[in-house]
There are 2 protein chains.
Amino acid sequence: MTDVKTVNPLFLREEELRQGIELLFFAYRDFTGEPDGLLAGMELGRAHHRVIYFVGRHPGITVSELLGILRITKQSLSRVLGQLVAEGYVAQRPGERDRRQRLLELGPKGIELERLLTERQRARIAGAYREAGAEAVEGFRKVMLGLIDEPDRTRFSPRGPSRRAP
Amino acid sequence: MTDVKTVNPLFLREEELRQGIELLFFAYRDFTGEPDGLLAGMELGRAHHRVIYFVGRHPGITVSELLGILRITKQSLSRVLGQLVAEGYVAQRPGERDRRQRLLELGPKGIELERLLTERQRARIAGAYREAGAEAVEGFRKVMLGLIDEPDRTRFSPRGPSRRAP
DNA sequence: GTTTTTACGTCAGTCATGTTGACTTATATG
DNA sequence: CATATAAGTCAACATGACTGACGTAAAAAC
């Protein structure tokens with residue numbers, strides 16, 4: 001019995017975990033690389049993409065909700081969001097219940113850019129899903145969910161994130 | 001039949017793909033967040049972590065191989081790597097066949113730091129793998145591999161990356 | 001109705017990490 | 001010898017993050 005698995009069951013586990021680390025690194029690198037390349041031509045960067053994505057995904061989102069998702073400071077967001085509003089990608093209107101809030105949504109220009117950028121990423125995911133098959137996709141989702149910290153896991157439950165009571 | 005799936009099969013697919021995008025975003029955010037937090041105390045950042053990780057993973061790696069993995073410029077790497085060498089985390093020795101090369105490996109200090117940083121990430125992956133089960137892990141790997149661009153996929157085949165003939 | 005908290009904005013300075021471009025050195029290889 | 005390659009270096013710059021301090025308007029609490 002010279003099988004590594006048998007002699008040292010920890011070796012394979014270590015290798016398995018390192019592969020997991022690297023899968024995440026390479027997948028994320030390539031996943032973001034494509035839109036980054038597109039953005040590079042315009043005067044925008046990855047930070048703008050993230051804002052456009054999440055505003056498009058949650059029309060009427062507030063600034064602080066966005067900050068919570070991105071986990072950056074308001075000063076960092078401010079610059080990026082300010083540009084996007086100034087260039088007409090993102091529109092804002094005051095909240096109805098709470099007029100201090102700025103509810104954000106994409107303008108037509110923003111919708112178009114969002115589609116352009118996310119299209120590539122969707123295609124990449126669609127390709128990977130198709131090749132891997134439905135069962136693999138289920139496994140992928142389970143593992144990815146387990147990698148995410150508790151507070152944000154609920155975003156992926158069937159009824160969406162549980163809004164905290166006001 | 002008012003089931004969305006039946007009425008508009010594209011809707012669910014779109015939602016499915018967007019979930020994939022977000023799983024990647026949140027998983028990567030939380031996955032890197034922990035080591036980033038640790039590094040923040042020292043005078044090091046995520047870039048140093050990446051270098052330490054891949055040097056530890058491939059002892060004797062050359063500078064250009066490292067550049068190929070990280071996909072950054074030699075000037076960017078130079079700053080980070082220079083610090084790590086100066087601080088004694090990484091050791092270098094000239095190549096034997098080709099003395100222009102600097103073969104990189106971790107010093108004892110580097111090994112310790114690598115363990116400290118990667119430990120958390122391994123634990124996170126191990127937890128997610130354990131909760132999800134072996135079958136899910138297989139699916140996770142399949143999908144992740146499909147997300148990675150061709151040239152780097154071979155890193156994950158059983159015999160490792162195919163080295164180009166010298 | 002006054003006080004306090006909240007949502008958001010802003011100014012100013014800094015740091016980490018990436019980029020391009022130009023030039024150098026040492027070594028390997030035709 | 002000529003050329004290509006591996007790596008280093010100097011300089012300038014862009015992006016996206018950070019901290020800290022302060023301001024304003026609206027909501028909520030007392």
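Each chain gets a letter, A, B and so on, in the order the sequences are listed, and its residues count up from 1. These values consider heavy atoms only, across backbone and side chains, with no hydrogens, waters or symmetry-generated copies.
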- Item | Distance test, side-chain N/O of A/R50 to OP1/OP2 of D/dA17, below 4.0 Å | yes
- Quick one: A/L44 CG to C/dT19 P, roughly how many Å, whole number? 19 Å
- Message: In this structure, how many angstroms lie between the C1' atom of C/dC15 and the CZ atom of A/R79, rounded?
- Response: 12 Å
- So what does A/R46 hit on the nucleic acid, given a heavy-atom distance under 4.0 Å: a base, only sugar-phosphate, or nothing? sugar-phosphate
- Gap between atoms CD and P, on A/Q101 and C/dT6 respectively (whole Å): 14 Å
- Is there a path of hydrophobic side-chain contacts, each under 4.5 Å between heavy atoms of I, L, V, M, F, W or Y residues, that connects B/Y28 with B/L70? yes
- Task: Can you tell me the distance, in whole Å, between the CG atom of A/L70 and the P atom of D/dG16?
- Result: 12 Å
- Query: Per the atom types in the model, does the base of C/dG18 pair as donor or acceptor with the side chain of B/R71 at under 3.5 Å?
  - Reply: no
- Query: Roughly, in whole Å, what's the span from NE2 in B/H49 to C1' in C/dG18?
  - Reply: 19 Å
- Length of the CG-P vector between B/L67 and D/dA7, whole Å: 8 Å
- How many Å lie between CE on A/M42 and C1' on D/dA14, as a whole number? 17 Å
- Below 4.0 angstrom, N of the basic side chain to O of the carboxylate: do A/E131 and B/K142 qualify? no
- Query: Distance check: side-chain N/O of B/S76 vs OP1/OP2 of C/dT19, anything under 4.0 Å?
  - Reply: yes
- What about B/I111 and B/L103, same hydrophobic cluster or not, with Ile/Leu/Val/Met/Phe/Trp/Tyr joined at side-chain heavy-atom distances under 4.5 Å? no
- Can you find a donor-acceptor pair, distance only, under 3.5 Å between B/Q75 side chain and C/dG21 base? yes
- Item | Qualifying salt bridge (Lys or Arg N to Asp or Glu O under 4.0 Å) pairs, either residue in residues 45-60 of chain A, two or more places apart | A/D36-A/R46, A/R57-B/E15, A/R57-B/E22
- For the side chain of B/R100, starting at C-beta, report the closest nucleotide among D/dA4, C/dT17, D/dA7. D/dA4
- Closest-nucleotide 5' rank along DNA chain D - winner of A/I72 and A/R99: A/I72
- Item | Sugar-phosphate only, base, or nothing, as touched by B/S64 at under 4.0 Å among non-hydrogen atoms | sugar-phosphate
- Query: Does CD belonging to A/Q75 count more than 12 external heavy atoms closer than 6.0 Å?
  - Reply: yes
- Give a yes/no on whether any side-chain N or O of B/H48 is located under 4.0 angstrom from OP1 or OP2 of C/dA16. no
- Message: Please compare B/K74 and B/L77 by the position of their nearest nucleotide in DNA chain C and report the one closer to 5'.
- Response: B/L77
- Task: Report yes if a side-chain nitrogen or oxygen of B/T73 is closer than 4.0 Å to either non-bridging phosphate oxygen (OP1 or OP2) of C/dT19; otherwise report no.
- Result: yes
- Query: Can you check the A/L84 CG to D/dT15 C1' distance for me, whole Å?
  - Reply: 14 Å
